[in-house]
Protein chains: 2
Amino acid sequence: MKKQVEDKKAALLEAALKLFTERGFHGTSTAQISKEAGVATGTLFNYFPTKEDLINGLYFEVKEELSRRMGKDVQTQKTYKEKLRKMWYNLVEWGIENQEKFHFVGQFCSSPYISSHTREVVMEEYVFFHDLAMEGLKNGELGDYPPEMITSMFYQSSRTIVDYILHSEPQDRNKAIEDGFQVVWKGVSKK
Amino acid sequence: MKKQVEDKKAALLEAALKLFTERGFHGTSTAQISKEAGVATGTLFNYFPTKEDLINGLYFEVKEELSRRMGKDVQTQKTYKEKLRKMWYNLVEWGIENQEKFHFVGQFCSSPYISSHTREVVMEEYVFFHDLAMEGLKNGELGDYPPEMITSMFYQSSRTIVDYILHSEPQDRNKAIEDGFQVVWKGVSKK
DNA sequence: ACTTAAAATGACTAATTAGTCAATATCAGA
DNA sequence: TCTGATATTGACTAATTAGTCATTTTAAGT
């Protein structure tokens, strides 16, 4: 019975991801989500007491998945530049593999339907990212810019490159990913 | 009588800008917009036959205003780098002065409620931007990246810097704007 | 002051919404 | 097979929605 429960909850989250990304929060009814997930309208509310709880739960799950992917194998890299490059590839490749999730977080990161509590809990998962910027500033690898500016430029540039790859469909994706890293690295590194 | 008409239409557009930006398209009712604008619920539909016509009209107006500002005094600059810097300052300063409009275009540029017709008409206003990238590639000022990648990086970086300035509130805004330009220029320029 | 055409109004409607709840289905353990 | 706790269902409700339209108001020209 536990298995079934997880199936339905996962189906609801998947349906919500698709529809919220396509049509927005108020543009999607709970009935549409239930139908897409293949459950009754009442079932949604067994798992998520309100529509806002659903989008907050979804946002948390997706951001958590992204943070795990971003940090993967970063600390095993030899140089600072290699660490940043690894994180860049993790981020962009995840974005291409998970277009809907990538688009979803971009769309709802500053939405009023995501509670400040959710935002705070999610933020904790990204401390390592801020710390990596601080490390680069201390060891002189990065230009003398505020750390928040560096992390924002890095992350937003990844969104730009993912959108570019998905929309312009360049013949060589890996070239585009590497080009993107070169632009960002030249931009934020010292000298 | 003409004066009054323009007043009401402008009030509706201003109210729509505020509410759509805050709560999204489906998160805002036409009744709320009319109330915010200080007109009756029926009056909105005298100016905009449907809610979608309203958001499309608003999107067109705002994007047109931005394109005019972006291109201002750019061609009178001496060097290529000065042209790009001028455009950067135009863009970022407009974003800071017009937070709601800047946020609005960022939020709705890939929304399904903006018609492809609106998108096409707006695109024509930005040909000069693409041309400036092509110019930089031809004269060897810019690195060998696809022009769409360069224009996207430039524009998205401006959004990042505007958000950074509005959110982190650095003591010296001009320093932050110039820092932002330095990062972008180092990133996309040759050598 | 009178005329007239356009502009403004807000009560109204049919459709849709988030969320409820009483009834039904499921299934592990006895 | 029977029991009881839990999961699922979908008809239902009260509230809200975009858009309509008959009526009233406005104001420019005479």
Side-chain angles (χ1 to χ4, degrees), chain A residues 1-60 104 107-108 111-115 117-118, chain B residues 1-60 104 107-108 111-115 117-118:
Chain A
M1 190 178 259
K2 189 66 185 302
K3 184 74 179 305
Q4 290 256 355
V5 161
E6 291 306 314
D7 279 358
K8 292 211 195 308
K9 190 172 180 182
L12 282 163
L13 286 167
E14 195 184 321
L17 171 68
K18 181 188 169 191
L19 295 171
F20 284 151
T21 305
E22 273 175 11
R23 313 289 309 174
F25 180 71
H26 275 111
T28 305
S29 69
T30 55
Q32 286 176 301
I33 296 167
S34 298
K35 192 177 181 185
E36 176 80 24
V39 302
T41 63
T43 303
L44 188 152
F45 298 97
N46 292 337
Y47 296 99
F48 307 97
T50 68
K51 198 183 174 187
E52 294 213 348
D53 287 323
L54 169 58
I55 199 170
N56 276 269
L58 177 60
Y59 185 80
F60 175 74
F104 173 79
Q107 214 183 326
F108 289 98
S111 149
Y113 313 113
I114 305 300
S115 72
H117 174 256
T118 300
Chain B
M1 191 174 260
K2 190 67 187 303
K3 185 73 179 305
Q4 290 254 358
V5 161
E6 290 307 313
D7 279 358
K8 292 212 196 304
K9 190 171 181 183
L12 282 162
L13 285 167
E14 194 184 323
L17 171 68
K18 181 189 170 189
L19 295 171
F20 283 150
T21 304
E22 273 173 13
R23 313 289 308 172
F25 181 70
H26 274 111
T28 305
S29 69
T30 55
Q32 286 176 302
I33 295 168
S34 298
K35 193 176 179 186
E36 177 80 24
V39 302
T41 62
T43 304
L44 189 152
F45 297 97
N46 293 338
Y47 296 99
F48 306 97
T50 69
K51 196 182 174 186
E52 293 212 348
D53 287 324
L54 169 58
I55 199 169
N56 276 268
L58 177 61
Y59 186 79
F60 174 74
F104 173 79
Q107 213 183 328
F108 289 97
S111 149
Y113 312 113
I114 304 300
S115 71
H117 173 256
T118 299

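First the proteins, then the strands, lettered A, B, ... as listed; each starts at 1.
Taking the side chain of Ala40(A) as heavy atoms from C-beta on, and the options dA11(D), dT9(D), dT9(C), the nearest nucleotide is dT9(D). In the set dT9(D), dG10(C), dA18(C), the nucleotide with an atom closest to the side chain of Val39(A) is dT9(D). For Tyr47(B), counting side-chain heavy atoms from C-beta on, the closest listed nucleotide (dA8(C), dT20(D), dT20(C)) is dA8(C). When the nucleotides dG19(C), dA18(D), dG10(C) are ranked by their closest atom to the side chain of Phe45(B), dA18(D) comes out on top. Considering only the side chain of Thr43(B), dA8(C) comes nearest among dA11(C), dA8(C), dT20(C).
Atom pair Leu19(B):CG and dA18(D):P shows a separation of 12 Å (rounding to whole Å applied). Here the P atom of nucleotide dA18(D) and the CD1 atom of Ile55(B) are 12 Å apart, to the nearest Å. In this entry the distance linking CG of Leu44(B) with P of dT17(D) reads 14 Å, nearest Å. The distance from atom NZ of Lys8(A) to atom C1' of dA7(D) is 9 Å, rounded to the nearest whole Å. In this structure, the NZ atom of Lys35(A) is 18 Å from the C1' atom of dA18(C), given to the nearest Å. Atoms NE2 (His26(B)) and C1' (dA18(D)) sit 10 Å apart, rounded to a whole Å. Ile33(A) places its CD1 atom 13 Å from the C1' atom of dG19(C), with the value rounded to the nearest Å. Nucleotide dA18(C) holds its P atom 8 Å from the CD atom of Gln32(A), rounded to whole Å.
In terms of position on DNA chain D, the residue among Phe25(B) and Asn46(A) whose nearest nucleotide sits closer to the 5' end is Asn46(A). Of the two residues near DNA chain C, Gly27(A) and Gly42(A), the one whose nearest nucleotide lies more 5' is Gly27(A).
Side-chain N or O atoms of Gln107(B) include none that pairs as donor or acceptor with a backbone N or O of Phe104(B) at under 3.5 Å. In this structure, the side chain of Thr28(A) engages the main chain of Gly24(A) through a donor-acceptor pair within 3.5 Å.
Residues Arg23(A) and Pro112(B) have side chains in contact (heavy-atom distance under 4.5 Å, counting atoms from C-beta outward). By the 4.5 Å heavy-atom criterion applied to side chains, Thr30(A) and Thr41(A) are not counted as neighbours.
Distances shown here put a side-chain N or O of Thr30(A) below 4.0 Å from the OP1 or OP2 atom of dA18(C).
Using a 4.0 Å heavy-atom distance criterion, Ser29(B) is classed as a sugar-phosphate-only contact. Ser34(A) comes within contact range of no nucleotide atom at all, as no heavy-atom separation falls under 4.0 Å.
Residues Asn56(B) and Thr118(B) come closest through the heavy atom pair OD1-OG1, 2.5 Å.
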Tyr47(A) vs Leu13(A), side-chain contact (heavy atoms from CB on, under 4.5 Å): CA-CA, chis, key distance, verdict: CA-CA 10 Å; Tyr47(A) 296 99; Leu13(A) 286 167; over 6 Å; no
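Relative orientation of the Phe20(A) and Phe25(A) rings is tilted, given thresholds of 30° and 60° on the angle between their planes.
Summary for the helix from dA1(C)-dT30(D) to dA30(C)-dT1(D): the axes at its two ends, each from 5 pairs, differ by 10° when rounded to the nearest 10 degrees.
No hydrogens or angles considered: a donor-acceptor pair under 3.5 Å links the side chains of Asp53(A) and Thr50(A).
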